Amino acid sequence: MDASQAEGCSSSSIPIPPQWVYHVFVSFRGADTRKNFTSHLLAALEDNGFRTFRDDKELERGEFISDGLLKAIEGSRISLIVFSKDYARSRWCLDELVKIMDCRETLKQIVVPIFYDVVPSDVRKQTGVLQDAFANHKKCLREESNGKVEKWRAALTKAANLSGRHLLNDGDEAELIKMIIKDVREKVNPTHLNVPNRQVGLDCRVAELNVLLNMEFNFVRIVAIWGMGGIGKTTMAKKLYNLIQHKFECSCFLVNVRETSQRPNGLDELQKKLLLAILKRSHEVSNFHEGIEVIKKVFSQKKVLLVLDDVDNVQQLEALAIDRDSFAPGSRIIITTRDKSLLKILELGENEIYVPERLDEDESLELFSWHAFKEDHPPEDHLDLSCQIVHYAGGLPLALEVLGSYFLGESIPQWESTIAKLRKIPDDDVQGKLNISLKMSFDSLSEQLKKLFLDMACFFVGMGRDFTIKILEGCNIPAKDGIRKLTDRCLIKYNDQIVMHDMIRDMGREIVRQESLEDPGKRSRLLYLDDVLEVLRDGTGTEAVKGLILNATDVQVNAKAFEKMNNLWLLHLDYVHLTAGYEHISRRLLWLSWKGFPLDCIPRNFSMEKLVALDLSYSWLKKVWNGNMILGKLKFLYLSHCHYLTRTPDFFGLSSLEELLLNDCKSLVEVDESIRFLNKLLVLDMKNCTKLRKLPSSIWMLKSLERLDLSGCSNLGNLAGSKGPPYKLSCLFFSSWTLPPKDVDSIGLSRTPIQVSCCLKELNLDGCHLSYLPDEIGNLISLEILNLARNRLCTLPDTIGKLSCLKVLFVGENKLSHLPSEIGDLNSLETLKLQCNNGFRALPESICKLVRLRELSLYDCNLSHLPSEIDRLISLACLELGHNRSLTLPDSIWCLTRLNWLDLGGCNLSHLPSAIGTSFETTYKLIRIKQLEDLVFLLHRSEYLILFAHSSVQF
């Protein structure tokens, strides 16, 4: 930025920690990039909610950059430096750069260089296009420079050595900007929940809610948000979650608790989701009650932020161990509910319940205007009409959004006609007004969109967007365009999954029920248990039925009940027993889910030619079908947990298959050679197929395969003889008990696969009894996650240093005595876990080169000392040193200014470094807890650094 006048472009969508004023400072040469790349970059940053300091004038006033600009640099969390061809010609830019690099050292600011049509080595060495610029600077400044040119050169060299982004003259600017935005979001707020833009009145309500949490105190706090549907409870909870989640060790936002709990095994599903979010890995529990105990144990050990959205009964709270006594100090639990009786069960006081106020008239008018006119106020000729609508909506955000989207683009006569209908609803019937608003929006849809909306409400809420589109396209429904239009009407939302407000969903289901109140067999969609059972037992189904869902154990149905439902395209019969007569089932089926299918083979008279998705998980199948089947439209085949399946089907006729799930097929011994015909296969999951002994070599010829999971295949002998991996393979698993207790060559790891699997991103060899790794591990140049925990490794090969993309390395619970010095070459490494390697004595000094390392676990490694320059780990936030009983700490440990968790439990420390009383005297507040003699808290910028040290520690 080579100008003197600048402004902050604000957004309230992403919180800024109090020590920073801006998220991003952009340094650029205006003449080069202001009207193209930088302009687009700044717009993208602002559109994504990042408060960005920018310059809108191309001026250079005076010899020195202004105090305001210096403060802006100091107050920015991240600096993006756009190195263009003429960047180094601007003294202003170079002075800016010196200040930025100084802030990187002193304030630990994050700096990301962007090389825009320049070569990084030219910037690093000041050659090429930069050489002339510096010749000119040297000539102009002469003796008066006071070392300025040398400072500029040093700053350029340091900046060019940092990891950044490159764009040459033929590069894709839009793609580069997307990657930069992703980088910034990960650095600023890595778990940001999506909150829609223009949420009027939200900030003040979230601030009121935040006050109730009493964040300054270290006790457990449960707060409930109670209010009617459509008032914005979920949105408030998401916004607050985004604001405060960085203050906790771990956090979880569980959505749709009520709906999830109503599914079969729904409470178990909630437990699994919670444990996955908190532990960052799946955790199998054998039953519901064991799940409660595991959750309690996890909660007791971590300061957590937990949000439970839409809770409606006490069983959900019990399943998730929601009790103050279950949580570690400092934890916060937020619950959204419409049920006031839950508040009594939780024994919440008045100051632990937040009842959101409805929007006032001004707020309502603004929110309505954003949706009706795409601006914050109505045009003059629509003002009176808009005020009438706002009065009708009663301050409910959901009603205002839906009504605004409904009126968008409508004529004034249409407005007047609709308002006349709305006046018939009594003013005090707020719920009735909301229901009418939702129904009115539905009625305005085209017939095709109405059908799509009802399909979404009945069948696809929570389903993946891509899965949904592929199923519906089988019905010749333009689903992609339809989903976009429903989103524009605020009737659905989506990221990866289809999301629908439960009131809108329930309205859709009620519309279907109203199609035929007395005779459910004449409805288009059947999903309520009593209605479905009545239709199937009485045989009253008609051609009106397009979709039917029955999920019930120990239910037997005569297949002839489907005889008249010849338009049925969606059928779920999970765990249902059907008597003979499969030919009666519709030949138009696109999506069949029959978990627990009771036969050992699919009958030949079961017509499946049009199927797009077939889910037979948890079935009694021994073989899927006899011979081959021509299912040219089938894209999804799910056979997980079929414990009696001994071999896969013949795949010859499945030319469109994209996903094949066979995980936990415990009797599977053979994969049919015809798998080579699945040229469109993207996902192949065979996890925990414990009897699988070999794979056909043709599996490596699947050109589209991106994810292959073989973890838990404990009898898989080897993969030797393969002809090369799938071209697009990005994820390959051999985790847990994949390998026999021999060595890594039992899967041919040192031969074909590892030599050429250059696209592999994740490799899990946890608990495989490995005694060594071959040097060829270094050929996995795209590897990002490597799990070697719970093996018998005594050393790691030097070639591990070639894994330049590696971000996570787990080597805990081995027999390591040292690390190779090449460990310092892992310049992308963020997490290194070495716990419980008892033969350790010291770390190599080269480990201090890992400037991106955030988490380092050295628990129980028998360490005597740490590297003296450990302060060079400038990104380190978590350091676990517990139970290294002979450990001494270097003074430099207190220079780790990003550290917010330090564990020294059981280290027998006789004293802490003297530097704690000098360099950190003003930053840390030292508190001795007298009741617990061995507990000391160090507080740094409101974060805890906890030392479980012995009482003999001296200060």
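Keep in mind that what you see is a predicted model, and the values were worked out from it rather than measured.
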In a check of ring-ring contact (aromatic ring centres under 6.0 Å, His included) between F37 and each of F28, F83, Y116, F115, which one passes?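 Option passing the ring-ring contact (aromatic ring centres under 6.0 Å, His included) with F37: Y116.
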Would you give the length of the straight line joining atom SG of C805 to atom CG of L829, rounded to the nearest 0.5 angstrom?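 Nearest 0.5 Å value for the SG-CG distance: 12.0 Å.
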Using 0.5 Å steps for rounding, measure from the SG atom of C848 to the CG atom of L873.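 These two atoms lie 5.5 Å from each other.
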What's the verdict on salt bridge (charged side-chain N to carboxylate O under 4.0 Å, His left out) for E96 and K99, showing C-alpha distance, side-chain angles and the deciding distance? CA-CA 5 Å; E96 217 172 55; K99 179 63 177 178; over 6 Å; no
State whether D95 and K148 are salt-bridged, where the test is any N-O pair (Lys NZ or Arg NE/NH1/NH2 against Asp/Glu carboxylate O) under 4.0 Å.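 Looking at K148 together with D95, the answer is yes, because their closest N to O distance falls below 4.0 Å.
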NZ/NE/NH1/NH2 to OD/OE distance under 4.0 Å, D117 and K85: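 Salt bridge flag = yes for K85 with D117.
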Any idea how F53 and Y22 line up, ring-wise: parallel (<30°), tilted (30 to 60°), or perpendicular (>60°)?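 Rings of F53 and Y22: perpendicular, as their planes differ by over 60°.
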Are side-chain heavy atoms of I823 and P844 found at a separation under 4.5 Å?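 Touching, per the 4.5 Å side-chain cut-off.
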May I ask you to test the I114-L167 pair for a side-chain heavy-atom distance under 4.5 Å?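 They are not in side-chain contact.
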Listed by chain and number, what are the salt bridge (Lys or Arg N to Asp or Glu O under 4.0 Å) partners of R153, not counting sequence neighbours?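 So R153 forms no salt bridge (Lys or Arg N to Asp or Glu O under 4.0 Å) with any residue.
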Do we see a donor-acceptor contact under 3.5 Å between the side chains of R124 and N161?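 Yes, because at least one side-chain N or O of R124 sits under 3.5 Å from a partner of the opposite role on N161.
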Taking atom types as modelled and ignoring hydrogens, do the side chains of T157 and Q126 form a donor-acceptor contact shorter than 3.5 angstrom?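 Judged by distance alone, the side chains do pair up.
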What are the two closest non-hydrogen atoms of I870 and S892, and how far apart are they?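 Shortest heavy-atom contact: CG2-OG, 3.6 Å.
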